[in-house]
Structures are given as structure tokens and as C-alpha cells.
Amino acid sequence: MNELAEAVPWLGSRNPKAARAFVLALMLIAPLIAVMAGNTWVRILDFALLYVMLALGLNLVVGFAGLLDLGYIAFYAVGAYTWAFLASPHFGLHLPFWMVLPLGAFFAAIAGLILGAPVLRLRGDYLAIVTLGFGEIVRIFMNNLNHPINITNGPQGINMLDSLHLFGWDISRNLQITESFRINSLVLYYYVFLLFVVGSVYVIRRLQVSRIGRGWAAIRDDELAAKAIGINTRNMKLLAFSMGATFGGVAGGLFGAFQGFVSPESFSLMESIAVLTMVVFGGMGNLGGVIVGAVALSLLPELLRSFALPVQEAIFGHVLLDPEVLRMLLLSLAMILMMLLRPAGLLPAHARYSKPELATAGKGKA
Amino acid sequence: METLLQQIVNGLVVGSVYALVALGYTMVYGILGLINFAHGDVLMVGALVSLQVVLFVQKTWPALGAFPTLLIALVSAMAVCMAMGYIIERTAYRRLRNAPRLAPLITAIGVSFLLQTLAMIIWGRNYHSFPQLIDTTPLQPIAGVFITPVQIIILLSSACLMTGLILLVTRTKLGRAMRATAENHRVASLMGVDTNKIIATTFVLGSALAAIAGVMFSTNYGVAHYAMGFIPGIKAFTAAVLGGIGNLGGAMVGGIVLGLVESIGAGYLGSMTDLCNLPVWAQTANLQETCSNGGSFELLSSNYQDIFAFVILGIVLIFRPTGLMGERVSDRA
Amino acid sequence: MSITLLEAKNVGKRFGGLTALSDVSLTINKGEIYGLIGPNGAGKTTFFNVLTGAYTPNSGEFVFAGSALPYGKPHEIVACGIARTFQNIRLFREMTALENVMTGHHLRSNSTLWGILAQNRHARDEERLITERAYEMLRYVGIERHATTLARNLSYGDQRRLEIARALATEPQLLSLDEPAAGMNATETAQLRELISTIRNDGVTVLLIEHDVKLVMGLCDRVAVLNFGRKIAEDVPAVVQKNHEVIEAYLGSSHAH
């Protein structure tokens, strides 16, 4: 929140309080503005929030602990498929969200441990490649586990997933308040997702300014020195992997409920890379940066879609670059240019306790 | 037995293509300590450029024979890829040479996706069929093994290329400069080696090999596609790691071994995991009915072929990170 | 009679065909400053790395405060009460000085994941305590004014001090310093010397591995000399200085230069 407020141009440095109020207001009214532009835009915002959750989770691994994970989307898949298995006609199970979501998170955390345990000894770039392999293996299984027993339904995926029922209230239905006034279900989803994002930020902030967060940062900065002050680097890395995976799992479950169907296509390497780009673009290790990165890189392609397509039609008479191509182009360029020009990201992380007013907290009593 | 021989031949062919690509990874890693993630996509560009040239030549000089056409295509693809390798190194990697280790890797991933996107813009999303210039119908089977002229050409030419590269690195002045740079940049440059030039040359050489591999790949399989580089790329990287990254001989051995494992493994994976072949299991799983009519219950079918590379990659990196032949170049700490 | 804190028993370490340490035995008493010197390549740093778990010894063992030390697990050895610094300072460069020291408290704090997430009383109290202690520690080594400076922006001497503060935060019984005076000027060395004796006076035993013979002789209570991986002397500085073999080892090495 503070990081986000600081990021507000002009206002952020002058009047942090006003900036904070501005960010809060923007978060709350965003879907109401978007709904005026059409339901598509609310949907885009909903997806942006899911990406924010993913980016926050990946940031835990990459930004905090310094472990480059290129298979992160696999945990998203675990969460989504958990929802599909436990809350859809596929197996005929329809468990409530308060069981499915924690289970999805749990399975994702287990998957994080399974991936983490053997690969922790690997150096940075090797780790990246092996995690990439893990992501691909998960995808290959999702694609092929329809035979001999049909578990995942293969490339077709599973559809008709249950939507999110909050204690008997189906939020995928528009909420009819009065005869003429109703709240769009996409807007409802927005607020539910927002709640999850705020919760994640809350949890991650607490971790960040704790002995655990410091342990991760120590491993990131200098693993040998971290060992030399008694940090059990293996356990801390495992914790980072499984915590990061947990967020992926929760986001995956929400994705399944929101989208209504899951298929291996949604969990390609490109998605892992996209989330990584969001983290890198915004600023590894800085929560505000990561959020801005995720929102920016999930909205930008859509904005481009709505502007660039008509422009292309007007100039060339047909669409030269379709939206998917535009998105890939944007992401890959963002990744390269950011590394070359501003490797710390849009909003670089700054060391905690670097500001006198924060650091004096403990000083007075000492 | 015949199946096994057949799988071995297929494995050798595909393995030698992996080996060519693996050489590019291993050379760059040896010198820069960088996993050039975009290397597989150079292969893809090579394949698509050669396709374009073949189509062009066939249209303009239809009288030209198959071999001259392919040769023109190959040379053009190599030229394009070499230029591209140079540009990539110059613009994206050179500035990051002393950056923290993850920065160049992230950039390389970016370059890889940029190349794919550009290819998608130029050539679209569709699979393009690659004209059959060389006969892909199998020759008269020898000992029951079918082999096509394309496969023979691939085997022979990659053997020649690898020998050539080994000679280049071990016998020439350029090769010595490359080895010196791999050992220690700073010292090499103090000894008068223009390390920037050597690194650029390495990229150019690797890209040329990737271009050739790309042409081989698409002539053998008869298709080209904007995303075709990823899987061979990751497999070639696995081959490089398997042989001991930074080690040229290792990359070749690794490529061949991976090709064989994959091909033989894919051939037997199904029957090996067929529960019907394991009566005890079949009984426990209550499969008598499925199995009785000559049916099968394969837990893993050959669809899982691509998993081999990833699993081997993981196992080698975890248990023997220096590979089968040892890592020649020490870790850049 | 003083109490033994650390006893090295016939420690040996080989790298391939090269014997870096052979049969090194020595005892460090509680409350002393123990110096380990020797010419270049004598095995000082190897000894240090074997002790602190960076390498596994090929033979022998260490007995620390009455029980055998585990091999090759740096973080467990720190937990037993042996802290170390590095020859080429290794700080967490992107953290502030304060945070470096707070990180040093990792080992001696025990808030659980759930405690931290729930911010229960224990976690909150511990966090406050860690911050206070870290400030105290910075004051102790004399760099409190730089608490909020990034470690990489500190001066060389201050980086050394910070590294010592971070090591002390692990609450060691034995503080092992690997060539702490390397690269320091005379003033900085004098200040360092003062700091080391303060640390000892506050009850922490110090193992000092040093190149600077003058510093060692002036500061240490007892000194051991290594040459070619063997211990050739162990005694109070005045005696060691007169030891025949020691003089030869040093002269020999200086001739070789």
C-alpha cells in the first residue's frame, strides 16, 4: 500500500496520505468505471487481479529469495485443476469453495515442495531451466492423463466448473438489488479477487519484515554468508517455494471458478514467462512494483487491442498484428528492454529500514 | 530386435541434429556462462528462412535441381542466422556481460520470445509444409532397418560439421583464442586476444550450426513452424548438460545419447508401462476384461516422449552437474 | 588451569593429491584470543574452512564445548556457537547495516511461520527485541550512525565492523575472524585491535587468522603457527617469536618472494 502510494506520480512524494487515498479510491471504483466501457473491461480487470496474485506469489520466490522459477504457472494449474476435480461434473464432486480453495493451495504447496526438494542445490540458471522442465512436465501430464484412465480430460480440458458460491450466494449471477439496479457478477468477482489480493499483500508484508523475510533476502544477496550466520538455507528455500506455490494455487482455484473451464492451454510456458515479466518489469522484490507491473502488463495488451486493431484496419485495411501477437511482442520487449535499461524494474525495491523514521522505531527504547 | 535397430537409427539421426544445436549452447556457455535461451529459436529462423528461399527458387528457376535449390536455401539461412546471432549478441547480451547472473538469462528468454513473435508476424501461426527436395521414402531395408536418403545425408553432414568444428577449435589460432577466452576473459584480453570479437564469432558460429540443424529438422520432418525451436532447443540444451556443458565433445556425445534414449524409450515406453504385461498388477487393478481381448492399458504412451529430455536434464543437473564427460570450463563464481 | 573451548584433534584435509592440512591438533581456551598464523599457503584458511563447515575434513575431528562438531554443515556449526567472518567481506550488500545485523539474529529467534502471519505477541515482541539488539550491536562496534546506510555503501573499515557485528548477533562463544586486518590502514587496524580486545573482555573467545604478524603478536594470548599444513609451534607469542622453525618458515618464505 505504501509502496503503491509512493508510486503515484507527483502526489506520491508530496502528500503520501492523499496518494494513499487516491490509490484506495482507484482500486474501489475501477470496476465501476470499467463497466461503463463494457463488460469486457471488467473481465480484463478481474484477470489483472489474478495476475497480480500470481506475480505476488512468484515475487516471493524470485524477488525475495532470488530463485528464478520458470515453471511457476504449474502451481496455478494445480490450483485450477483441483477446483476442476472437486467442483465440477467431471467427477461429479461439488465441494464448497472453503474446502476446494484451501485444498488447491495445499496441493500447490506440496507440488512446490516436490519441485523444491531436489533442485535446491542448483545454481541460479540451472535452477531456472529445471523449473521450466517441471512446468512442461506438468503440462504434458495434463495433456495426456486422459488415457488409459480419464483424469484430466486431455487437451479438451474440463468445463462446467462450479462458480464461486460464497456461503450459498452464487457470485457468478448478477446481484439484483432493486428492480432496475443490479450489480454485474463480473464486478462482484472483482471485489472478491480484490479481497484476496489485499489478503495476499497483508500476508506477504508480514513475512517480508520478519526473520523469514530477512532469511530469504540474505540467501538472495549472498548464500554463503547466509549459511555462515546460521540460516538453514535449504529449509528457507523450500519455504519460499511452497509459500510462492500456495499463492499460485489459490489464484488457480479462483481462475477455475471464474473462467468455468480449465485446459492445459492456459498453463503454457508463455504464461510463466508473462508472470515473470510482470515481476521483472515492476521491480523484483518490491510489492508495489510487482502490483503495478502485473496490472500494467495485463491491461496494456488489452488497451493495445482496442486501439491498435482499429488503427491497423484504418491504415492497412486489415489486421496485421493480432492481439495475441501484440501481447507477446509487448512482453518480450518489456523483458529485454527492462533488463538492458532499468534492471531493477519500474519501481526498484529499496532496503527496508533505510528510512530514518522507520528505523528509529526500535531506537528510542534501546 | 529389428524394432530396436530401427529405433537406434532414428535415434542417431535425431541425436546428431541435437548435437549440432547443443554445440551452440555449449560454446556460448563455455565462454560467457550464459544459457543462450534464444538458440533454439535461431534454429527455427533457419528453417523458416530456408523454406522461404526454397519456395522462391522453385518459383523463379523451376529448372534448378533439388540439391542446388537446397544448397542455396541452406546458405541463405546460414547467412541470415549468422547475422542474427551477431546482432543478438551485440545488442542484447554484450551490455549485460558483467551483470548479475540472472539478468542475461532473463534477457535471453526475452530474445527467444521476441524471435518467436517476429516469426509469427512474418510467417503466421500455421504449420508450413517443407517441400520434399530429397527423397524421404526409405531405401531398400538393410537387416530390416529402413533408412531414408535424408537421414543418411543428415548423419554424414553432421559428422563432417562436428569434425570440422573440433579441428577449428583445437588446431587453429581462432580456436586457441576461443579456448583462452573461455578459460579467463581478462587474462585472454591481456594476452592480446580481442575477446569481444571472439565472443561474437562464437555466437556467429553457433548460429550457423543452428541454421543447418534447422534445415535438417524441417527436411526430415517436412514441416516448419514459428514455435518449432523450443523443444529441440531445450533438448539440445539437455544434451549439452548431459555431455558436460562447455565441453564440445560432450555436447556431441550428449546429443547422440539423448537421441537414442528418446527414440528407444519412446518405442518401448508404452509396452513397458502396459499393466496388461504385468499380470499381478492387472489383476489388482481389475483389468482382465480390458486385457483379454488383446487390449492394452498403457500408463505412459509415446505421447510422453518429450518428458525424457526434461527428466534427464533434472537428474543430470541434480546428481552430476558436470555431465558425463565433465565440465571443462570452471564455474564463473 | 583454563577451560578448553575448542579442541582440534588430528585434523587433515586433502585436495586431490595436495595435502592442505595434516594432523593439525590445537586447543583454544575459553576467554582467550588465539592467533593462527603462517606464511602464504600454510593452510590457515583451509583450517578455518574446515572448522566452520565449508569443507569436510578427511580425518580428525573438532570438539567444541565438550561435544563433537558436525562436519560440513555451516549453519549447524554456527548454531553450536562458532561464528565467522570472511577474508573478502561478505555482507548482504543490498540491505542496510541495521538489517544485516537483524538478519544475524535469525538463528537465535524462533517465531514460527504461523506466529509471524498472525503477528502474535511472541512474534511482535521478538521483532522489537531484534531491532533493539541490532541497534545495540551497531553501537557496540561503533557504526550506529550508519544504521540506515546500505552495506555496500559503507567504507571498507565499517564493512569489516558490520561483518563482525553480524557475526556477534548469532551469539557465539567463539568468534573466528579470517584476516580481518587485510586491506586496512594503520588507524583502522588500531581500532580493530581495540574492538577485538573489547569483544574478548565481554566474554567471547576469539580465533584470529591473520597475516599481520605484528597484530597477532601484540593482541593474542596464544599463537599457533602453520607451515605446509602442519602445526610447527603453539605457545604464547613471546615464545613463538623465538621458535627456530617459525623464524625459518617466515624467512624461508620471504626469501622465496
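By convention in this document, chain letters (A, B, ...) are assigned in the order of the sequence lines, proteins followed by strands, and residues within each chain are numbered from 1.
The existence of a salt bridge linking C:Glu127 and A:Arg214 is confirmed by a sub-4.0 Å separation between a basic side-chain nitrogen and an acidic carboxylate oxygen.
Counting heavy-atom neighbours within 6.0 Å of A:Tyr191 OH, excluding the residue itself, gives a total above 12. Crowding of A:Arg342 atom CZ: a count of heavy atoms from other residues, nucleotides or ligands under 6.0 Å exceeding 12. Within 6.0 Å of atom OH in A:Tyr202, 12 or fewer heavy atoms from other residues, nucleotides or ligands are found, so the atom counts as exposed in its surroundings.
Looking at C:Ser109, the atoms closer than 4.5 Å to chain A (heavy atoms on both sides) sit in the backbone and in the side chain alike. A:Leu239 touches chain C through its side chain: at least one heavy atom from C-beta onward sits under 4.5 Å away, while N, CA, C and O do not. Of the atoms belonging to C:Asn100, not a single heavy atom falls under 4.5 Å from chain A.
Note: C:Ser111 leads C:Ala167, C:Ser111, C:Ala79, C:Gly104 in heavy-atom pairs under 4.5 Å with chain A. Most heavy-atom pairs under 4.5 Å with chain A, from the set C:Arg93, C:Gln119, C:Glu76, C:Glu126: that is C:Gln119. Note: C:Pro74 leads C:Pro74, C:Ala83, C:Ala54, C:Ala169 in heavy-atom pairs under 4.5 Å with chain A. For the set A:Ile212, A:Leu224, A:Val203, the entry with the most heavy-atom pairs within less than 4.5 Å of chain C is A:Leu224.
The line from CG of A:Leu207 to CG of C:Leu113 is 6.0 Å long, rounded to the nearest 0.5 Å. Put simply, CG on A:Asn232 and NE2 on C:His75 are 3.5 Å apart, with the number rounded to the nearest 0.5 Å. Taken from CD1 in A:Ile204 to CG in C:Leu117, the straight-line distance is 10.5 Å, to the nearest 0.5 Å.
A:Arg211 pairs with exactly one of C:His105, C:His106, C:Arg108 by the side-chain contact (heavy atoms from CB on, under 4.5 Å) rule, that one being C:His106.
For the pair A:Arg206 (side chain) and C:Ile116 (backbone), a donor-acceptor distance under 3.5 Å is absent. Not one N or O on the side chain of C:Arg90 forms a donor-acceptor pair closer than 3.5 Å with the backbone of A:Asp222.
When all heavy atoms of C:Thr103 and A:Ala218 are compared, the pair lying nearest together is CG2-CB, 3.7 Å.
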